[in-house]
Amino acid sequence: MKIYCEFNTDYEPLLQDIVNYAIENYGNHLNISTLIEIELADKELFPYETEGKLASKEKIFLNSGRFELLPCLDIKTLYDNTDFKSIVNTLIHEMGHLNDWLAMPNLYECVFDCQNKKHYSIALFWLEYIAESRTANLGLYDYTSYCKDVASELWDIQMCSLKPEELNRHNYYWLKKHLSYFIPRAYSDLHKYLSMIKVPHLKDYILELVDELERLKVLGTFDDVTLLYDLYENHVMGTLKGAKERIDSHGK
């Protein structure tokens with residue numbers, strides 16, 4: 001496997017150590033047989049807020065932002081460091097996607113092909129939820145601050161856009177992406193965080209999503225996007241500033 005950082009090769013020994021540490025301690029049960037590259041990329045190259053992403057079935061990108069916050073580049077002194085834990089958590093999340101891609105290729109095709117906006121939205125939500133449920137259950141990282149931020153955010157939904165520069169609190173896709181992380185991260189204290197929500201109908205929307213997710217989990221592993229339609233045909237979703245109608249208008 002090629003593990004590298006072109007913009008600052010000083011990071012490469014630590015990156016290699018982190019990959020080995022993550023796989024040995026948290027990822028040895030994952031099937032990452034398709035993975036051939038992990039690149040640590042300059043944070044300025046990421047057009048939206050993310051700590052990592054899949055470039056393809058063969059490659060993972062990590063954002064340099066957390067690496068730049070580390071107090072040193074010696075892994076032996078970093079095991080209790082919050083930023084180190086976040087890096088490991090992100091790496092396992094992305095490796096989890098590769099594991100799931102092998103089991104659910106049709107659903108991943110819905111996301112990477114991105115032709116059908118309805119299929120894109122529901123497949124992305126479900127796949128991110130599965131991957132984040134896996135990492136949240138590791139107990140590696142404290143999500144309290146994140147959950148409070150999502151719950152207290154004023155989600156003034158005005159659009160449904162996939163443009164990177166429009167991924168913000170006014171965008172339905174950005175809300176849905178965060179909810180796929182928020183629900184598994186907040187799960188054990190969900191009602192505490194729901195009590196912080198001030199946006200009309202958002203609490204009800206989340207509860208409906210949780211009910212549908214629980215139903216889907218009972219089905220086990222599946223690769224049929226039509227089974228996810230109830231994540232789209234949500235009774236509350238249409239009250240969130242017409243978000244459902246905007247999705248419809250972007251094509252089916």
Residue pair Arg169 / Leu175, side-chain heavy-atom distance below 4.5 Å:
no
Can you give me the closest heavy-atom contact between Glu6 and Glu39, atom names plus distance?
OE1-OE2, 4.2 Å
Apply side-chain contact (heavy atoms from CB on, under 4.5 Å) to Ser188 and list each qualifying residue two or more places apart in sequence or on a separate chain.
none
Hey, what else clusters with Phe46 if you join Ile, Leu, Val, Met, Phe, Trp, Tyr whenever side-chain heavy atoms sit under 4.5 Å?
Phe61
Hey, mind stepping through Tyr187 and Phe182 against ring-ring contact (aromatic ring centres under 6.0 Å, His included) and telling me if it holds?
CA-CA 8 Å; Tyr187 192 80; Phe182 172 79; over 10 Å; no
Give me the atom names and distance for the closest heavy-atom approach of Val88 to Ala22.
CG1-CB, 4.0 Å
Counting only heavy atoms not in Lys217, do more than 12 sit closer than 6.0 Å to its NZ atom?
yes
Show your reasoning for whether side chain to side chain donor-acceptor pair (under 3.5 Å) applies to Asn168 and Glu166.
CA-CA 6 Å; Asn168 55 48; Glu166 294 180 342; over 6 Å; no
Run the side chain to side chain donor-acceptor pair (under 3.5 Å) check on Asn31 and Asn99 step by step: do they pass?
CA-CA 5 Å; Asn31 184 346; Asn99 176 90; 5.6 Å; no
For Glu128 and Lys177, the nearest pair of non-hydrogen atoms, with its separation, is OE2-CE, 3.3 Å
Other residues, nucleotides and ligands only: do more than 12 of their heavy atoms fall within 6.0 Å of NZ on Lys192?
yes
Taking Asp17 for the side chain and Ile75 for the main chain, is one N or O donor matched with an acceptor at less than 3.5 Å?
no
Any chance the rings of Trp155 and His170 have centres within less than 6.0 Å?
no
Looking at every heavy atom in both Leu98 and Ser56, which two are closest together, and how far apart are they?
CD2-O, 3.9 Å
Glu51 bridged to Arg66 by N-O distance under 4.0 Å
yes
Any Asp211 side-chain heavy atom under 4.5 Å of Arg215 side chain:
no
Could you tell me which residues satisfy side-chain contact (heavy atoms from CB on, under 4.5 Å) with Leu194, sequence neighbours excluded, listed by chain and number?
Leu190, His191, Ile197, Lys203, Ile206, Leu207
Using every non-hydrogen atom in the two residues, find where Cys72 and Thr77 come nearest and quote the distance to one decimal.
SG-OG1, 2.9 Å
Atom CD of Glu68 with >12 non-hydrogen neighbours under 6.0 angstrom
yes
For residues 120-141, the ring pair (Phe, Tyr, Trp, His ring centres under 6.0 Å) pairs (sequence neighbours left out) are Tyr120-Tyr173, Trp126-Tyr129, Trp126-Phe222, Tyr141-Tyr143
Between the side chain of Thr90 and the main-chain N/O of Ser86, is any donor-acceptor distance below 3.5 Å?
yes
Does Lys163 make a cation-pi contact with Tyr48 (under 6.0 Å, within 45 degrees of the axis)?
no
Look only at the side chain of Asn25 and the backbone of Tyr21, and say whether a donor-acceptor pair between them is shorter than 3.5 Å.
yes
Could you check, using the six-membered ring where one of them is a Trp, whether His97 and Trp101 have ring centers closer than 6.0 angstrom?
no
Over all heavy atoms of both residues, which pair between Leu140 and Lys85 is shortest? Give the atoms and the distance, please.
O-CD, 3.4 Å
State which residues pass side-chain contact (heavy atoms from CB on, under 4.5 Å) with Pro71; sequence neighbours excluded, sorted by chain then number.
Leu78, Asn81
Output, in order, the C-alpha distance, side-chain angles, deciding distance and verdict of side chain to side chain donor-acceptor pair (under 3.5 Å) for Thr135 and Glu132.
CA-CA 5 Å; Thr135 46; Glu132 190 55 32; 3.3 Å; yes
Parallel, tilted or perpendicular for Tyr181 and His93, by the 30°/60° rule?
parallel
Looking at Asn106, is its backbone amide N or carbonyl O close enough to the side chain of Asp223 to form a donor-acceptor pair, meaning the two atoms are under 3.5 Å apart?
yes
Evaluate the ring-ring contact (aromatic ring centres under 6.0 Å, His included) criterion for residues Tyr232 and His119: first the C-alpha distance (whole Å), next the side-chain angles of each, then the deciding distance (0.1 Å), finally the verdict.
CA-CA 9 Å; Tyr232 175 80; His119 288 178; 9.2 Å; no
Please test Gln16 against Asn20 for side chain to side chain donor-acceptor pair (under 3.5 Å), starting from the C-alpha separation and ending with a verdict.
CA-CA 6 Å; Gln16 179 71 67; Asn20 293 340; 3.2 Å; yes
Which residues satisfy the side-chain contact (heavy atoms from CB on, under 4.5 Å) test with Ser152, sequence neighbours excluded?
none
Under a 3.5 Å distance rule, please check whether Glu12 uses its side chain to pair with a backbone N or O of Cys5 as donor and acceptor.
yes
